[in-house]
2 protein chains.
Amino acid sequence: MKGNQTMTQNCLGTIRSSYSKFSEKEKKIADYILEKPETIIHRTINEVADDLNIADATVFRFSKRIGFKGFQAMKIALASEVITPVRSIQEEITEEDIEKNLTEKIFKLNIRSLQNTLGSIDNQSIKKAIDLIQHANRIEFYGSGLSSIIAMNASFKFMSIGMKASACMDSNLQTISASNLTKNDVAIIISHSGSNQDTITILKTINETGAKTIGITSSLNSPISLNVDIALYTSTEETENLPAGFSSQITQLALIDALCSSIIKIKKKLPQK
Amino acid sequence: MKGNQTMTQNCLGTIRSSYSKFSEKEKKIADYILEKPETIIHRTINEVADDLNIADATVFRFSKRIGFKGFQAMKIALASEVITPVRSIQEEITEEDIEKNLTEKIFKLNIRSLQNTLGSIDNQSIKKAIDLIQHANRIEFYGSGLSSIIAMNASFKFMSIGMKASACMDSNLQTISASNLTKNDVAIIISHSGSNQDTITILKTINETGAKTIGITSSLNSPISLNVDIALYTSTEETENLPAGFSSQITQLALIDALCSSIIKIKKKLPQK
DNA sequence: AATTTAGATGAAAAAAATTTTCATCATATG
DNA sequence: CATATGATGAAAATTTTTTTCATCTAAATT
């Protein structure tokens, strides 16, 4: 890996983790970047220095200090870290373009949902969820309708990374599975609205067993969010173009992937038994 | 939206769609960028010109031609579009930050995948796919492993918008279902790699029936892409943090949602029978 | 308290990279 | 065949980045 030209160093992360070691001016620069990372990528080192009333050399030194070859290299790294909204330059929409525009709309909707979810994620909750999952005897996923497929999907993924995980798509089987949980198990309940009646009923059963519960919903005040140990929130927008619940799947999956990747990381670090 | 400084133009997308209008040298540059977009972002305009044995002014003109202020601006745009594996030499990441950073990484990975897929979507293919689906007698989804769940997911969605759709997760049942297709049916084959052996075998069976085929893969030169009527492409990047195929699910779902939304729109416009 | 030293900073110079200008060439057009 | 148009490269001009050097500040040492 060493010296690989195409690798880009994590800029924002480095800035955050080195922040305490920075000098006064360096902190000024760090604040500037952390506050609005997307502005710096369209500015020259001079403009940045002017904005901050410091010498350009100081900005340059900052770039080197956090590990880059120079200012340019830092800008490039920032550009790949920061999410820049894609400009849409559709002048005139013709009949022919209906599919194109709809496709674009749906993709952008999903991109926004992911951005919003990421922005509103509660790291403490994520951390707690990972702790629970990591120490769980087994993980069981629950969901109804479209969410039952996400549950199935999630169970496949956790299985494939070596966890004892499962999910049933059938509601009756889910009830049976729920009643067989123990204190050492973790139940992950997925529901877009957070108020699906079948799922609420199953959650009651789960709570009687003493198993730990994690909810993934788009509504923090829903019955499900209020009755789980840890409520994770996925931000989604409704659109006239799709039935409710369609687009929340994508943020749900992203959240599940994020949990998976953390578990993978933790497992790698643990001594192999 | 006009003139918004923080907006970045889609570079790869523009290059692809203007390709035919390019001159000889411009095509040379386009090829260079499309082939390995991540190299250019660490090179100067001079190095690029040298690599291609052309004048730097020509490279500069290319940047302008596709709509950028200059070479730098194009580089920045490319950097945000291209997937650069993030180097992990963070000296000391506190234990606390692991989950946060990973979650952020996974979300941004997915956002980039969606952006890249959107940027490289071939509208003609989408249009044709929608035509096929719209006029199909029934739609059958096929996929193996993780993709089988996406197939199931997709069939649920198309069913819920009133189409005759189905999918089996079991590979043997898929084969049986495949052999029962007719000329008036549409088979949608989902495979991240495009080279899953089970799925290839099923595709052969499908092709014998004369049913129309739509492939959804991340590789345009894969056996599956080359043997379907319409190949749809989802751009995804690999990450060390997740097993291969995890993140392609999200772009696959977004594509399926996009197809769904177009069908919904068309159905709304048709006179109700 | 005075002196030294190390690091931080800015100003200016130097170098590098980008952009513009201009001349030339090829190709198409009347 | 002459002319116009657009593409290209070379070189100049400009801008941006990087380096160097001098100064300043604050901590450490005497």
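Here is the naming used below: chain letters follow the sequence lines, and residue numbers restart at 1 for every chain.
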Who are the side chain to side chain donor-acceptor pair (under 3.5 Å) partners of B:Asn207, not counting sequence neighbours?
-> none
Find out whether A:Ile76 and A:Phe71 are in side-chain contact, i.e. whether some heavy atom of one side chain is under 4.5 Å from a heavy atom of the other.
-> no
Closest nucleotide of DNA chain D for B:Lys69 versus for B:Arg65: which of these residues is on the 5' side?
-> B:Arg65
Let me check something: any side-chain donor-acceptor pairs from residues 250-258 of chain B under 3.5 Å, sequence neighbours excluded? List them with distances.
unit_1	atom_1	unit_2	atom_2	d
B:Thr251	OG1	B:Ser248	O	2.9
B:Asp257	OD1	B:Lys157	NZ	2.7

Sequence neighbours excluded, the answer for side chain to side chain donor-acceptor pair (under 3.5 Å) partners of B:Thr58 is none
In whole angstrom, what separates B:Glu24's CD from C:dC25's C1'?
-> 13 Å
Terminal contacting nucleotides, 5' and 3', DNA chain D versus chain A (heavy atom, 4.0 Å) | D:dT16 to D:dT20
Salt-bridge contact A:Arg43-A:Asp51 (side-chain N to carboxylate O under 4.0 Å) | yes
Any salt bridge between B:Lys28 and B:Glu24, counting N to O under 4.0 Å?
-> no
Near DNA chain C, under 4.0 Å by heavy atom, which residues of residues 49-56 of chain B?
-> none
Excluding sequence neighbours, so at least two apart, what forms ring-ring contact (aromatic ring centres under 6.0 Å, His included) with B:Phe62?
-> B:Phe22
Take atom NZ of A:Lys21 and atom P of C:dA8, then tell me their distance rounded to the nearest Å.
-> 13 Å
Can you check whether A:Ile133 reaches A:Phe158 side chain to side chain, under 4.5 Å on heavy atoms?
-> yes
How long is the line joining CZ of A:Phe60 and C1' of C:dA16, in whole Å?
-> 11 Å
Contacts of A:Arg61 and B:Thr44 projected onto DNA chain C by closest heavy atom; the upstream (5') one is A:Arg61
Starting from C1' on C:dG7, measure out to CZ on A:Phe22 and report it in whole angstrom.
-> 16 Å
